[in-house]
A.B. asks: 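Here you go, one structure.
Computed from a prediction, not measured in an experiment: that's the story for all the values here. Here is the naming used below: chain letters follow the sequence lines, and residue numbers restart at 1 for every chain.
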2 protein chains.
Amino acid sequence: MENKNCSLCLFKSKAAKNLSDPELKQMGNSCAEVVFRKGDTIFKENALSSNIIYLQKGLVKLLIEGPHQTQILRLKKAPCYLGLPTTMGDKVNHYSAVAIEPTTACFIDINTFKNLLKINPDFSFEIITELCRNELEQFHRCVKLIQNQIYGRLANHLLNLSTEVYESTEFKLPLTRNEIADLVCTSRETVSRLLSDLSKEKIIQVDGKQVRILNQALLEKISDKG
Amino acid sequence: MENKNCSLCLFKSKAAKNLSDPELKQMGNSCAEVVFRKGDTIFKENALSSNIIYLQKGLVKLLIEGPHQTQILRLKKAPCYLGLPTTMGDKVNHYSAVAIEPTTACFIDINTFKNLLKINPDFSFEIITELCRNELEQFHRCVKLIQNQIYGRLANHLLNLSTEVYESTEFKLPLTRNEIADLVCTSRETVSRLLSDLSKEKIIQVDGKQVRILNQALLEKISDKG
DNA sequence: AAAATAATGTGATGTATATCACATTATTCC
DNA sequence: GGAATAATGTGATATACATCACATTATTTT
């Protein structure tokens with residue numbers, strides 16, 4: 001791998017904009033690019049965590065084993081860092097990451113990353129800011145997940161896929177009904193039923209995994225009110 | 001306020017151990033100590049966030065307005081930082097902090113704090129580590145909250161109060177049944193019923209707010225299994 | 001292309017827990 | 001210390017959703 005490639009890739013990250021050329025080179029030298037197919041595991045819960053991952057391209061789900069079922073914590077879309085909390089926060093991963101679309105990821109050695117944090121305060125300041133924003137998002141996601149009924153949670157995730165992930169009112173679901181159930185914490189059957197309810201109400205149009213949002217305003221209301 | 005006091009106080013924080021004498025002095029100079037009584041608000045959701053708070057003494061609840069009820073995100077026990085994510089992550093607070101016991105807190109000016117992050121990489125590294133650990137904890141809390149039934153969540157919080165907060169099998173609940181409901185996301189009535197169920201099963205002993213844990217092993221099993 | 005496997009839809013039934021209603025007991029306040 | 005207010009306990013009823021059961025349809029695999 002060449003330094004040139006890495007610096008181009010990492011320049012998408014706000015934090016890495018603070019890195020100097022030699023620092024980027026240093027990162028590039030301990031950085032390995034890996035391609036994943038749909039379904040491939042990028043890192044696994046309980047395995048030793050030794051890399052920060054920079055998602056160059058693709059879409060990933062973060063999974064954690066709950067007391068009753070695996071929970072999809074959130075989806076992460078490139079470009080972004082992956083596994084910052086789980087790699088910096090403990091020796092062992094507290095969740096898994098699995099590609100749900102063809103994905104390219106850079107594995108950055110944790111010691112190199114830590115070193116950059118220590119020698120470049122602007123870089124580390126941006127990382128702090130990003131961690132803080134993530135945590136705030138996570139608080140909101142969590143409260144919504146607990147307090148909203150499933151209809152509202154489902155609406156929320158459909159909107160999220162439409163506006164954040166695919167930036168289109170029509171898209172192909174990257175998840176099975178079972179995975180959607182793990183995301184909104186319900187059963188597969190309920191997902192089926194509620195999707196066809198939304199369809200009957202002409203709020204969305206569903207054909208297998210193909211989804212089109214017909215009434216975004218109403219979907220937003222459902223997402224907010226529960 | 002004197003520098004001497006502040007450095008003593010902040011030395012309890014792992015991150016602040018990396019601060020030099022002049023840096024501690026700098027922090028001390030833009031640091032105000034405030035005493036709160038039970039029920040006092042320390043900072044409020046949606047207000048402009050301008051301070052990092054170091055909890056010297058006491059116990060605090062973090063509140064966020066949910067779509068259906070206020071949610072208690074978590075309890076925070078001194079000594080710890082308060083409002084790191086909400087102050088660094090946005091201009092405005094995403095949650096409130098309210099004292100639930102007599103509490104002493106130091107308000108550190110955000111600009112001073114940011115400056116220290118920029119000039120002292122070891123300090124900022126520790127803050128990153130703490131943020132990461134918090135986020136991991138939060139993931140686990142969230143999954144437990146969604147997947148466990150209320151009996152399990154209640155057990156979990158009773159254990160937490162016993163082992164983390166009061167470090168005793170007997171303690172006085174710092175929350176009303178209503179607040180416990182906001183914590184485990186249920187109704188006041190259900191909290192009443194489940195507490196007396198736990199009592200009938202001889203797992204805990206309840207007299208008003210006074211609680212004694214009689215069968216910790218079983219309580220842990222309930223907390224884990226749901 | 002056939003066989004095997006995985007994903008999905010849909011009815012019937014059960015249950016945890018919300019909600020309403022009201023009685024009882026603590027706390028706070030003047 | 002009595003009045004007002006807040007906190008708590010407990011029954012009856014309603015409901016969102018889980019779970020089970022099975023039919024149907026996609027998707028892989030060979």
A.B. asks: Tell me which of B:E179 and A:R153 sits closer to the 5' end of DNA chain D, going by the nucleotide each one is nearest to.
C.D. replies: B:E179
A.B. asks: May I have the distance from A:I150 (atom CD1) to D:dT19 (atom P), rounded to whole angstrom?
C.D. replies: 11 Å
A.B. asks: How long is the line joining NE2 of B:H68 and C1' of C:dT17, in whole Å?
C.D. replies: 15 Å
A.B. asks: Parallel, tilted or perpendicular: which fits the ring planes of B:Y81 and B:F113, with parallel below 30° and perpendicular above 60°?
C.D. replies: perpendicular
A.B. asks: Closer than 4.0 Å, any side-chain N/O of B:T190 to the OP1 or OP2 of C:dA18?
C.D. replies: yes
A.B. asks: Which residue in the set B:D90, B:N93, B:V92 passes side-chain contact (heavy atoms from CB on, under 4.5 Å) when paired with B:L48?
C.D. replies: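 By the side-chain contact (heavy atoms from CB on, under 4.5 Å) criterion, B:L48 pairs with just one of B:D90, B:N93, B:V92: B:V92.
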A.B. asks: Rounded to whole angstroms, how far apart are CZ on A:R188 and P on D:dA21?
C.D. replies: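 Result: 13 Å.
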A.B. asks: Is there side-chain contact between B:C106 and B:Q56, with at least one heavy-atom pair below 4.5 Å?
C.D. replies: yes
A.B. asks: Check the phosphate of D:dA18 against A:T186, side-chain N and O only, distance under 4.0 Å to OP1 or OP2. Yes or no?
C.D. replies: yes
A.B. asks: Check whether any side-chain N or O of B:K209 sits under 4.0 Å from OP1 or OP2 of C:dA26, and answer yes or no.
C.D. replies: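 Looking at the OP1 and OP2 atoms of C:dA26, neither is under 4.0 Å from any side-chain N or O of B:K209.
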A.B. asks: Would you please confirm or rule out a distance under 4.0 Å between OP1 or OP2 of D:dG9 and any side-chain N or O of B:R193?
C.D. replies: no
A.B. asks: Think B:S187 has a side-chain N or O under 4.0 angstrom from the OP1 or OP2 of C:dT17?
C.D. replies: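 No.
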A.B. asks: Between P on D:dA18 and CD on A:Q149, what's the gap in Å once rounded to a whole number?
C.D. replies: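 Rounded to the whole Å, the gap is 11 Å.
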A.B. asks: Consider the side chain of B:T176, meaning its heavy atoms from C-beta on, and name the nucleotide among D:dT8, C:dG9, D:dA16 that approaches it most closely.
C.D. replies: D:dT8
A.B. asks: Rounding to an integer number of Å, can you tell me how far B:E189 CD sits from D:dA12 C1'?
C.D. replies: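 These atoms are roughly 13 Å apart.
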A.B. asks: On the 0 to 90° scale, with breaks at 30° and 60°, tag the B:Y166-B:F171 ring pair as parallel, tilted or perpendicular.
C.D. replies: parallel
A.B. asks: Which whole-number value in Å describes the distance from A:L194 CG to C:dT8 P?
C.D. replies: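 Taking CG of A:L194 and P of C:dT8, I get 15 Å after rounding.
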A.B. asks: Can you check whether A:K221's main-chain N or O pairs, donor with acceptor, with A:D224's side chain at less than 3.5 Å?
C.D. replies: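 Such a contact is absent between A:D224 side chain and A:K221 backbone.
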A.B. asks: Kindly say if A:S192 contacts the phosphate of C:dT10, meaning a side-chain N or O under 4.0 Å from OP1 or OP2.
C.D. replies: no
A.B. asks: Nearest-Å distance, CZ (B:R177) to C1' (D:dT10)?
C.D. replies: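 In whole Å, D:dT10 C1' and B:R177 CZ are 14 Å from each other.
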A.B. asks: Atom CG of A:L173 to atom P of C:dA7: distance rounded to whole Å?
C.D. replies: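 A:L173 atom CG is separated from C:dA7 atom P by 14 Å.
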